[in-house]
Amino acid sequence: MIRQVGVPAPRLDEEVLVFASGGHRLPGVLTRPPRPEPDGPGVLLLSPGLKHRVGPHRLYVKLARFFAARGLPVFRFDFHGTGDAEGTLPTTDVPELHECIQRGLFRGDAAAALDVFCERAGVARVLAGGLCGGAITAAFLAADDPRVEAIIGFQLPVKKIDLERDFAERIDDGFSDHIFRRYVAKLLRPESWRKFLSGRSEYGLIWKTATRRLAGLAGRRRGPALDAAGVPEGMNSTFLEAWERIAGRARLLWIYSEIEGARFDFEGVFEQVCLAGRDRPYEKVVLSDSNHEFAPDEAQESLLAVIDDWLARHYGAAAGAREAV
Amino acid sequence: METFDFLPVAGERILTILHQPAVARGEGVLMVHAFAEEKLWTGRATTRLARALAGAGLTVLRFDHRGHGDSDRDHHEMRLATLVEDLDAAAARLREAGAETLHLFGFRLGGTLALLRAADLGAASVALVNPPPAGRDYLMKALRSNLTTQLSLYAGVRRDREALLADMRDTGLLNIDGYHVHAELFDELAALDLAASPPAFAGPGLVLSLVRGEGAPADAGSRRVFESALAGHPASRLTVRAHAALWGEQKSFQIGEAALLEPIVDWFAGGWRGGAP
């Protein structure tokens with residue numbers, strides 16, 4: 001990921017494309033590979049949540065240049081109401097907006113971008129990728145359009161954001177235990193006690209994670225409640241509908257950070273309950289030493305190594321063997 | 001009308017976005033973005049501000065420095081010289097677009113940089129939002145994010161500030177929010193101190209200090225920039241408005257409220273001439 005200091009980045013063939021979606025003009029950047037992979041797919045990167053086409057720490061620019069170095073054209077763009085695009089969003093409340101995205105707020109924009117990308121880059125098959133909200137939008141797009149033959153999703157959220165419940169109540173048992181273990185690890189640190197005694201700790205979170213842990217140790221955990229259709233409480237039904245259309249059809253790579261709350265939802269609720277007794281037609285990789293945005297050096301390097309390996313296995317060793325960006 | 005383009009600079013390219021008003025009046029505003037993740041968080045507000053300025057009849061040019069946004073280079077390849085080169089090239093492009101009178105706007109460190117270049121570029125005025133007066137303090141605060149990330153990952157800090165800086169001397173790189181800052185740029189920015197070395201610009205300037213609560217005083221950094229560099233001009237202003245710190249993550253999506261847009265638009269629409277605010 002980190003090029004040797006002093007070695008300049010390669011010159012890139014990049015073009016800004018402005019296209020229309022829902023009456024709004026949306027800008028995007030098309031990166032063309034210096035040595036295109038014959039008949040290779042294109043890569044459509046879907047912006048993370050409310051962040052624009054560049055992404056946190058320019059992650060999407062790094063990814064675009066990484067894929068281009070492997071012979072694949074890449075398109076990334078701004079959803080309406082974000083970045084440099086036209087339009088406004090239905091609210092400015094971030095949790096509400098995240099919920100809107102998980103219901104498909106940007107589905108139409110993604111479909112319009114796919115059309116533009118396929119036409120301008122001359123590709124017929126597409127890998128859709130994205131971080132968090134971008135990952136779920138990629139799943140919706142794959143469900144809607146068979147040209148999307150694969151998804152590379154980072155920190156895919158599978159549960160809705162329950163705005164009526166506080167954080168400690170809506171998280172999965174596994175994530176609750178993880179947080180509680182963090183508090184236990186702090187018991188020997190004087191600064192943690194100073195913070196606790198000075199009224200600056202999150203007492204509600206400590207109490208609720210502790211009681212959930214105790215309930216677990218006492219064998220009194222009941223798992224997530226199920227609705228009449230057997231769906232766990234809080235699951236995103238829009239995602240489940242999309243899942244039924246992409247599972248077994250699209251190649252799927254899910255990448256999570258070890259401490260990511262969405263990972264616990266995916267493993268504890270989606271895999272354990274929704275997919276109980278069913279196939280798991282995807283690859284899942286969990287990275288340690290990574291935050292939500294893959295900001296640490298180790299996380300950036302691991303992320304690209306995982307993608308490189310996956311590309312090599314599914315799209316030919318030649319693609320994976322190309323010189324790294 | 002908004003036009004996206006890649007502008008050649010020293011054999012490389014920077015992304016520019018030109019906002020042309022319906023009726024141009026020969027005045028333009030060059031917008032200098034905040035740095036690293038602060039650029040991401042201020043992105044939508046910057047877009048809205050550019051549109052509001054164009055709506056007031058100003059020609060506006062936004063651009064991404066090399067190492068930022070969609071422009072060439074990786075972040076670690078950025079130096080003070082490339083920052084200046086990019087800014088100067090963008091100013092020339094704005095003049096080509098018909099801006100006979102040039103104004104500079106900057107968010108945070110972009111404001112500091114704009115102020116440093118204002119005299120050489122012949123700017124008529126500047127408007128700066130929460131500019132840091134000293135590069136070293138700015139970088140030390142930015143390093144907090146690295147420590148916060150370590151806390152979330154390891155429930156403790158494995159590499160404190162001193163260790164991170166020592167690592168930077170060894171490897172040449174420092175990770176701030178996932179951006180790799182080169183040691184040379186770190187040293188160049190750390191040497192910036194507007195109080196110790198006031199910029200040559202002698203024109204009018206607005207410093208907009210966005211603070212958390214109504215009635216709060218201006219933040220110390222904004223006050224220091226104003227007093228050391230701009231207070232000598234009779235039209236200069238230090239304006240305080242309550243607004244979320246939109247250069248960091250907030251619970252609401254920061255699109256730029258009236259508390260940000262109005263003082264800046266008023267300034268470039270004529271306030272810089274010394275009229276009533």
Side-chain angles (χ1 to χ4, degrees), chain A residues 1-3 5-9 11-12 14-18 25 27 29 50-59 61-62 65 76 78 81-86 88-89 91-95 97 181-183 185-186 189 192 257-259 288-297 299-300 325, chain B residues 2-6 11-13 15-17 36-37 39-41 43-44 46-48 50-51 62 64 66-77 145-146 148-156 167 171-173 175-180 182-184 244 249-255 257:
Chain A
M1 166 62 73
I2 306 167
R3 187 180 300 107
V5 173
V7 180
R11 290 293 307 276
L12 295 159
E14 290 181 327
E15 177 187 4
V16 177
L17 300 178
V18 180
R25 295 171 77 235
V29 175
L50 304 168
K51 295 167 186 169
H52 55 58
R53 63 185 183 275
V54 171
H57 63 87
R58 292 179 97 205
L59 176 63
V61 175
K62 296 168 188 172
R65 295 171 183 179
R76 53 195 170 80
D78 291 340
T82 72
D84 300 314
E86 292 180 347
T88 55
L89 297 173
T91 172
T92 57
D93 182 82
V94 169
L97 284 169
R181 283 195 296 273
R182 289 298 169 107
Y183 281 121
K186 292 179 180 179
R189 292 169 41 197
S192 300
S257 299
E258 190 175 16
I259 63 164
S288 58
D289 297 332
S290 178
N291 64 354
H292 184 73
E293 293 85 8
F294 306 99
D297 293 346
Q300 295 190 34
V325 174
Chain B
E2 295 175 15
T3 307
F4 294 75
D5 204 1
F6 283 109
E12 297 178 297
R13 308 161 318 146
L15 181 82
T16 61
I17 305 170
E37 211 69 333
K39 179 182 191 295
L40 178 84
W41 297 118
R44 189 60 181 170
T46 301
T47 303
R48 292 230 313 160
R51 289 171 181 166
R62 294 188 282 142
D64 292 345
R66 280 172 286 173
H68 274 95
D70 295 310
S71 292
D72 279 354
R73 290 201 177 209
D74 286 343
H75 198 79
H76 71 80
E77 296 168 319
S145 66
N146 188 307
T148 305
T149 300
Q150 290 186 56
L151 277 170
S152 70
L153 287 177
Y154 312 122
D167 292 346
T171 65
L173 297 174
N175 185 325
I176 298 179
D177 282 329
Y179 294 86
H180 294 103
H182 195 281
E184 287 177 17
E249 187 165 16
Q250 302 291 335
K251 288 179 181 171
S252 61
F253 183 45
Q254 294 300 312
I255 59 173
E257 305 296 337

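Note: hydrogens, waters and symmetry copies are ignored here, and every other heavy atom, side chains too, is used. Since this is a predicted model, take the numbers as computed values, not measurements.
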Is [X] in contact with chain B via its backbone, its side chain, both, or neither, using a 4.5 Å heavy-atom distance?
{"X": "A:L97", "value": "side chain"}
{"X": "A:T91", "value": "neither"}
{"X": "A:R181", "value": "neither"}
{"X": "A:V16", "value": "both"}
{"X": "A:V54", "value": "side chain"}
{"X": "A:E14", "value": "both"}

Nearest-0.5 Å distance, CG of residue B:L40 to OG1 of residue B:T46: 10.5 Å
Check each atom of [X] against the heavy atoms of chain A and say whether the ones under 4.5 Å are side chain, backbone, both or neither.
{"X": "B:I17", "result": "side chain"}
{"X": "B:D70", "result": "both"}
{"X": "B:T149", "result": "side chain"}
{"X": "B:Y179", "result": "both"}
{"X": "B:I255", "result": "side chain"}

All salt bridge (Lys or Arg N to Asp or Glu O under 4.0 Å) counterparts of B:E257, not counting sequence neighbours: none
Non-hydrogen side-chain atoms of A:E293 and A:K51 separated by less than 4.5 Å: yes
Test item: A:D289 and B:Y154 side chains (from C-beta on) under 4.5 Å apart, heavy atoms: yes
Largest heavy-atom contact set with chain A, pairs under 4.5 Å, which of B:R62, B:R51, B:Q150: B:R51
Residue, of B:S252, B:G156, B:S145, B:G69, that accumulates the most heavy atom pairs under 4.5 Å with chain A: B:G69
Closest heavy-atom pair and its distance - B:K251, A:P95: O-CD, 3.9 Å
Carboxylate-amine/guanidinium contact B:D64 B:K39, below 4.0 Å: yes
NZ/NE/NH1/NH2 to OD/OE distance under 4.0 Å, B:D72 and B:R66: no
Residue, of A:L89, A:T82, A:N291, A:V18, that accumulates the most heavy atom pairs under 4.5 Å with chain B: A:T82
Contacts of A:H52 that satisfy ring pair (Phe, Tyr, Trp, His ring centres under 6.0 Å) - sequence neighbours left out: none
Donor on one side chain, acceptor on other, A:D297 and B:H180, under 3.5 Å: yes
